[in-house]
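Have a look at the structure below before the remarks.
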Number of protein chains: 2
Amino acid sequence: MSRVPRPTYHHGNLRAAALERAAQLAADGGTGALSLRQLARDLGVSPAALYRHFADKDALLDGLAQRALAALESAARDALARAGGDQADAAERLAALGRGYLAFARAHPDAFRIVFELRPKAGRDPVEAAPYLLLLEAVTALAPPGADAARVRRAALAAWAFVHGLATLGAQQAWVAGEVAAAAEGLLRDYARGLRVGFPS
Amino acid sequence: MSRVPRPTYHHGNLRAAALERAAQLAADGGTGALSLRQLARDLGVSPAALYRHFADKDALLDGLAQRALAALESAARDALARAGGDQADAAERLAALGRGYLAFARAHPDAFRIVFELRPKAGRDPVEAAPYLLLLEAVTALAPPGADAARVRRAALAAWAFVHGLATLGAQQAWVAGEVAAAAEGLLRDYARGLRVGFPS
DNA sequence: ACCTGAACACCGTTCAAGT
DNA sequence: ACCTGAACACCGTTCAAGT
């Protein structure tokens, strides 16, 4: 009859608790240092219990990647909103998206790595994910009226690659992260304005 | 007295043979699927034998990364030479370096991943590696006479990030790799020429 | 100097059994 | 439905001992 039957651990939300703790474990030591048995120990549960919630270790990592991708999307939307949202012009929006991407990678290097480090699998395609769609929208707005879809897609890919490269190099080397943080604003503005002036053929 | 005392396996070159086989194992299944015991089994040697040549598993992976980095450097130098070497103008050289980088990532996605996927460790800094120095040289040649070192370094970082982003995104998603391969030539030329026209402030 | 054998403390995963 | 206990086949690493 109790309406709140122990919402903690052993009852109900083991899956959520496991993902939460797994994210912490992956944050220090990296995704390779994540052990299901250690995780079970931390949660006060038998190793086998996790298999009621995840098919295997890979499924757990997949869950982690989805969480991180959602966080990245939030960061992108927030940066967009802070820049004025739909009212801002397209170059402004593009720069804001880049800013959000870089800020996320800098603030949560572990989560950023998790999104992209896993081997590509059926169904997990970052390109179908929301952040890419936001980018495509901004680039489309920047493109000249006559531009065909393939040309726009290529420009979006180039813009993504530029920012993604800055983010991944920064996530690997601390001093690069510093350099990126210092130069990011200028680089993003130059890039976005350059796109409007000379949209690639 | 035998001048060539079984140069194979059990004698002499276990280290080289281990790296060779490890590279193969990492190529399929990824670096995470690499097991020292499996490796020892493949080489017909006891697991402990590997510890005469590598301090631990991480040291083996480090050896793998160094090999891959050397291969990447070769690819960059080859592309440079094919483009005319020192006689080619700076924009041409910069584009050639990008071409070599992308071609390597496409031909050996596993090796490319190994270079960059490992957690940064003291002493392993891709930025001190030869490929970066070649890049810095080309960008320096493109910079206007008065440009100071920091500005040049920033431009080199941006160029690297652009190409690195294309390469890593391509290494993750097969269709992106195709798109990159199709668009690379145009993107690289535009980028290199754009740098000469409007070197970033 | 280089390698083996055996051992230690860990893994991921499965499966019968409990509640 | 969700969890435990015990087991299986694996790990990385160490250390004495062999040649």
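In what follows, every heavy atom counts, from backbone to side chain, and hydrogens, waters and symmetry copies are set aside. Since we're looking at a predicted model, the values are computed, not measured. So that the names make sense, note that chain A is the first sequence line, chain B the second, and so on, each numbered from 1.
- Listed candidates were C:dG12, C:dT4, D:dT4. Nearest to the side chain of B:Ser46 is C:dT4.
- Pairing for D:dA6 is with C:dT14, a Watson-Crick or G-U wobble pair whose two hydrogen-bonding atom distances lie under 3.5 Å.
- Computed from coordinates, the A:Tyr51 OH to C:dC11 P distance equals 12 Å when rounded to whole Å.
- Within the 4.0 angstrom heavy-atom criterion, only backbone atoms of the sugar-phosphate kind lie near B:Ser35; the bases stay farther away.
- Residue A:Arg15 is out of contact with every strand shown, counting any heavy-atom pair closer than 4.0 Å.
- Counting only heavy atoms from C-beta outward, the side chains of A:Arg15 and A:Arg52 never approach each other to under 4.5 Å.
- In this structure, D:dT19 forms a base pair with C:dA1, meeting either the Watson-Crick or the G-U wobble geometry with both donor-acceptor distances under 3.5 Å.
- Counting to the nearest Å, the P atom of D:dC2 and the CZ atom of A:Phe54 are 13 Å from each other.
- Both B:Ala48 and A:Ala55 lie near DNA chain C, and the one whose nearest nucleotide falls closer to the 5' end is B:Ala48.
- Salt bridge B:Arg99/B:Glu185: present, at least one basic N to carboxylate O contact under 4.0 Å.
- Close to C:dA1, at under 4.0 Å from its OP1 or OP2, lies no side-chain N or O of B:His53.
- Straight-line distance from the CG atom of B:Asp56 to the P atom of D:dC11: 17 Å, rounded to whole Å.
- Residue B:Leu34 is classed as a sugar-phosphate contact, given heavy-atom separations below 4.0 Å to backbone atoms only.
- For the pair B:Pro47 and B:Arg52, nearest-nucleotide mapping onto DNA chain D gives the more 5' position to B:Pro47.
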- Report the C-alpha distance between B:Val139 and B:Leu94 in whole Å, list the side-chain angles of each, state the deciding distance to 0.1 Å, and finish with yes or no for side-chain contact (heavy atoms from CB on, under 4.5 Å). CA-CA 7 Å; B:Val139 172; B:Leu94 182 60; 4.0 Å; yes
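- Taking atom CD of residue A:Gln38 and atom P of nucleotide C:dC11, one finds them 6 Å apart after rounding to whole Å.
- Here the P atom of nucleotide C:dC11 and the CG atom of A:Leu60 are 14 Å apart, to the nearest Å.
- When atom types are taken as modelled, the side chain of A:Gln172 and the backbone of B:Phe116 share a donor-acceptor pair closer than 3.5 angstrom.
- If you measure from atom CG of A:Asp42 to atom P of C:dC11, you get 10 Å, rounded to the nearest angstrom.
- Side-chain atoms of B:Gln38 and B:Asp42 include a donor-acceptor pair closer than 3.5 Å.
- Nucleotide C:dT4 holds its P atom 9 Å from the CG atom of B:Leu50, rounded to whole Å.
- Between B:Leu36 atom CG and C:dT4 atom P there is a gap of 14 Å when expressed in whole angstrom units.
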